[in-house]
Colleague: 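Next up is a structure, given as structure tokens.
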Amino acid sequence: MNFTLLITVMLTALTLVAGAYVIAKLIGPRSYAKLKGEPYESGIPTRGSSWLPVSVGFYLFAILFLMFDVETVFLYPWAVVVKEFGASALLSIGFFLVVLVLGLAYAWRKGDLEWK
């Protein structure tokens, strides 16, 4: 197989990322003050440690939100081309929706959608 195109794309991507990083370091503002590295929120200096435990429920809720957000992103292109593909498109999106509904039912049954 000829991997010239793949290698070219990878080298281009690496060059662009490295170039953007170098340019940002060269022209970006610099501040070496100690105050710059301190935690700050809402104009009120923090007292004590800034590391607080976060409930795993927030992470589960965020993952569920992303799952259904991605579902919406996939539904739009399907709706645009559904007439062209006919029954096969309907079956594929039906399967996709069934899997998502089963995931929602599982999360609901486990109680992940309830704030405690």
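Just so you know, these numbers come straight off a predicted model, no measurement behind them. Just the heavy atoms: all of them, side chains too, but no hydrogens, waters or symmetry mates, feed the values below.
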Colleague: Determine the sole option in T4, L6, L11 for which the side chain to side chain contact (heavy atoms under 4.5 Å, CB included) test with T8 is passed.
Modeller: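 Option passing the side chain to side chain contact (heavy atoms under 4.5 Å, CB included) with T8: T4.
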Colleague: CD1 of I63 to CZ of F58: how many Å apart, nearest 0.5 Å?
Modeller: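 Output value for this atom pair is 14.0 Å.
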Colleague: Among the clusters formed by ILVMFWY side chains lying less than 4.5 Å apart, do Y76 and V81 turn up in the same one?
Modeller: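 Yes; V81 is reachable from Y76 via cluster members.
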Colleague: Does L91 belong to the same Ile/Leu/Val/Met/Phe/Trp/Tyr cluster as L100, with side-chain heavy atoms less than 4.5 Å apart forming each link?
Modeller: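 In one cluster with L91: L100, no.
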Colleague: Hey, which of V9, T15, L16 is the one that makes side chain to side chain contact (heavy atoms under 4.5 Å, CB included) with T12?
Modeller: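 Answer to the side chain to side chain contact (heavy atoms under 4.5 Å, CB included) test with T12 among V9, T15, L16: L16.
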Colleague: Do L60 and L104 share a hydrophobic cluster (ILVMFWY, side-chain heavy atoms under 4.5 Å, transitive)?
Modeller: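 Not linked; separate clusters.
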Colleague: To the nearest 0.5 Å, how far apart are OG in S92 and CG in L97?
Modeller: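 Reported value, rounded in 0.5 Å steps: 9.5 Å.
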Colleague: According to a hydrophobic-cluster definition based on side-chain heavy atoms being under 4.5 Å apart (Ile, Leu, Val, Met, Phe, Trp, Tyr only), do L14 and V17 belong together?
Modeller: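 No; tracing contacts between hydrophobic side chains, which count when under 4.5 Å, never links both residues.
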Colleague: Hey, any chance V70 and L75 share a hydrophobic cluster, counting ILVMFWY side chains that come within less than 4.5 Å of each other, even indirectly?
Modeller: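 Yes: a chain of side-chain contacts under 4.5 Å links V70 to L75.
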Colleague: What pair of heavy atoms forms the shortest contact from R30 to K25, and how long is it?
Modeller: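 Taking R30 first and K25 second, the nearest heavy atoms are NH2-O, 2.9 Å.
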Colleague: Considering residues, nucleotides and ligands other than F68, do more than 12 of their heavy atoms fall under 6.0 Å from its CZ?
Modeller: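 More than 12 within 6.0 Å, yes.
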Colleague: Rounded to the nearest 0.5 Å, how far does OH of Y59 lie from CG of L64?
Modeller: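 Separation between the atoms: 15.0 Å.
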Colleague: Counting only heavy atoms not in M67, do more than 12 fall under 6.0 Å of its CE?
Modeller: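 Check passes, neighbour count above 12.
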